[in-house]
Amino acid sequence: FLERGMNEEAEVLFRKTFEICGNLLGSEHPDTLRATLNIGMCLHKKGELTEAALLFQGLLAICNRVLEHGHPTELLCMNNLGAVYLDQDLPHKAMEVFMPTLQRYEQKLGPDHPDTLRVILNLGKCFFSNKDSSSAIPLYQRALHGYEKSFGDNHPHTLICLNDLGYLFLCKNDFSSAETFLQRALNGFANIYGRVHPNTLNCVNNLGQIFELRRRLFSNSNICPRL
């Protein structure tokens, strides 16, 4: 239900699972904690950010106390808490969570695991939210390399990363690099989804911004100064 966007239905099931696990196994059993995590993800999806943050904060405290270091539920909780902070426009708090999360994922799963790459991208989003594109770009490039290695050039994860990288270079007025990444993303999205899919149209829009900015720069450069 959650992956299909049916957040209300998913939350009802997760809360029922939480109740059953809590009664049978106890409030701090790993299965109960995982059900709690799933409830928090529902709240996040529904836009109830304050409630989600409080739930993840409490859950993380329990995970740190009762689970082994690097347990999947602990790592997912950390990543989800950071994502909530990011959506609350609190990139500094998000970064404080993502930094240790990335270290633990790298130790547990390796540098190219999809979950590790997801945290790398989230960390890149923190820097971008702080208007620090120069620090964000290497993280996106690292994630792109991992996605290309793990999934190939035309996987949606790879293409989304290409589009995001292109936009980052666009923000730095590096139009040549931006166009290279965006054109690759556009070709991939058009082949997979067609020309009218939102991801394809987003690439078209970003490329359009490049052409418009170039046109303005060219026009300004041809304005003759008045004597």
Side-chain angles (χ1 to χ4, degrees), residues 44-45 47 49 79 82-99 101-102 105 111-112 114-225:
H44 188 189
K45 290 275 189 180
L49 302 181
N79 188 57
V84 171
Y85 285 148
L86 199 54
D87 286 344
Q88 289 179 314
D89 198 23
L90 299 171
H92 291 292
K93 291 189 71 172
M95 202 175 299
E96 291 175 357
V97 176
F98 286 136
M99 287 287 195
T101 305
L102 177 58
Y105 268 117
D112 294 324
D115 290 343
T116 306
L117 299 177
R118 179 177 56 188
V119 181
I120 292 171
L121 281 180
N122 284 335
L123 195 54
K125 291 176 183 178
C126 291
F127 284 110
F128 181 68
S129 293
N130 281 329
K131 297 180 173 56
D132 186 359
S133 298
S134 297
S135 297
I137 284 174
L139 291 166
Y140 276 86
Q141 289 174 323
R142 179 181 167 188
L144 175 62
H145 177 73
Y147 283 135
E148 288 174 332
K149 180 179 177 182
S150 299
F151 299 117
D153 294 340
N154 293 313
H155 190 277
H157 289 339
T158 305
L159 299 177
I160 291 172
C161 197
L162 282 167
N163 179 68
D164 291 346
L165 256 175
Y167 186 76
L168 285 171
F169 280 113
L170 174 61
C171 292
K172 289 175 62 67
N173 292 329
D174 185 347
F175 300 140
S176 178
S177 297
E179 185 175 359
T180 298
F181 286 110
L182 289 171
Q183 193 62 58
R184 282 184 59 193
L186 176 60
N187 292 339
F189 281 133
N191 288 333
I192 294 175
Y193 299 125
R195 296 182 179 181
V196 296
H197 189 275
N199 287 344
T200 308
L201 296 176
N202 186 36
C203 284
V204 172
N205 179 65
N206 288 336
L207 280 167
Q209 291 186 58
I210 294 176
F211 300 144
E212 176 63 18
L213 289 170
R214 279 177 171 166
R215 185 191 65 77
R216 291 180 184 178
L217 289 173
F218 180 78
S219 298
N220 291 337
S221 67
N222 284 307
I223 296 176
C224 296

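Computation of the quantities below employed the complete heavy-atom set of this structure, encompassing side-chain atoms and omitting hydrogens, waters and symmetry-equivalent molecules. Note that the structure is a prediction, hence the values are computed from the model and not measured.
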Subject >> Test log, rule side-chain contact (heavy atoms from CB on, under 4.5 Å), inputs Leu144 and Thr158 >> reply: CA-CA 6 Å; Leu144 175 62; Thr158 305; 3.7 Å; yes

**OP:** Quick one: pull up CZ in Phe181 and CG in Leu168 and give me the separation to the nearest 0.5 Å.
**Re:** 10.0 Å

Subject >> Pairwise side-chain contact, Leu201 with Arg195, heavy-atom cut-off 4.5 Å (strictly under) >> reply: no

Original post:
Looking only at atom types and distance, does a side-chain atom of Thr116 sit under 3.5 Å from a main-chain N or O of Asp112, one as donor and one as acceptor?
Top reply: no

Original post:
Can you name the residues that form a side-chain contact (heavy atoms from CB on, under 4.5 Å) with Leu90, not counting sequence neighbours?
Top reply: Tyr85, Gln88, Lys93

Subject >> Distance in Å, Leu86 CG paired with Phe128 CZ, rounded so as to fall on 0.5 Å steps >> reply: 11.0 Å

Subject >> Validation row: Tyr167, Leu170 side chains within 4.5 angstrom (heavy atoms) >> reply: yes

**OP:** Kindly give the heavy-atom pair with the smallest separation between Arg118 and Tyr147, and that separation in Å.
**Re:** N-OH, 4.0 Å

Original post:
Hey, what do you get for OH (Tyr105) to CZ (Phe98), rounding to the nearest 0.5 Å?
Top reply: 10.0 Å

Original post:
Under 3.5 Å, is there a donor-acceptor pair linking the side chains of Asn122 and Asn79?
Top reply: yes

Original post:
Where do Cys171 and Ser133 come nearest, in terms of heavy atoms and distance?
Top reply: CB-OG, 4.3 Å

**OP:** Over all heavy atoms of both residues, which pair between Glu148 and Asp153 is shortest? Give the atoms and the distance, please.
**Re:** CG-OD1, 3.8 Å

Original post:
Quick one: side chain to side chain donor-acceptor pair (under 3.5 Å) partners of Asn205, sequence neighbours excluded?
Top reply: none

Original post:
Distance only, no hydrogens: is a donor on one side chain within 3.5 Å (strictly under) of an acceptor on the other, for Lys172 and Ser177?
Top reply: no

Subject >> SG-NE2 distance between Cys203 and His197, expressed to the nearest 0.5 angstrom >> reply: 11.0 Å

Original post:
Does Thr200 use its side chain to pair, donor to acceptor, with the backbone of Val196 at less than 3.5 Å?
Top reply: no

Subject >> Point-to-point distance, once rounded to the nearest 0.5 Å, from CG of Leu139 to SG of Cys161 >> reply: 10.0 Å

Original post:
Between atom OG of Ser135 and atom OH of Tyr140, what is the distance when rounded to the nearest 0.5 Å?
Top reply: 12.5 Å

Subject >> For Gly124 against Ala136, the heavy-atom pair lying closest together >> reply: O-CB, 3.4 Å

Subject >> Over 12 foreign heavy atoms within 6.0 Å of CZ, Phe127 >> reply: yes

Original post:
Do the non-hydrogen side-chain atoms of Phe169 and Thr180 ever get within less than 4.5 Å of each other?
Top reply: no

Original post:
Just by distance, with hydrogens left out, do Asn191 and Asn154 show a side-chain donor and acceptor under 3.5 Å apart?
Top reply: no

**OP:** Report yes if some heavy atom in the side chain of Asn206 is under 4.5 Å from a heavy atom in the side chain of Gln209; otherwise report no.
**Re:** yes

Original post:
Side-chain contact, heavy-atom cut-off 4.5 Å: Arg184 with Leu159?
Top reply: no

Original post:
Between Asn187 and Gln183, is there a donor-acceptor pair closer than 3.5 Å when you use the side chain of the first and the backbone of the second?
Top reply: yes

Original post:
Once the angle between the rings of His155 and His157 is folded into 0 to 90°, is it parallel (under 30°), tilted (30 to 60°) or perpendicular (over 60°)?
Top reply: tilted

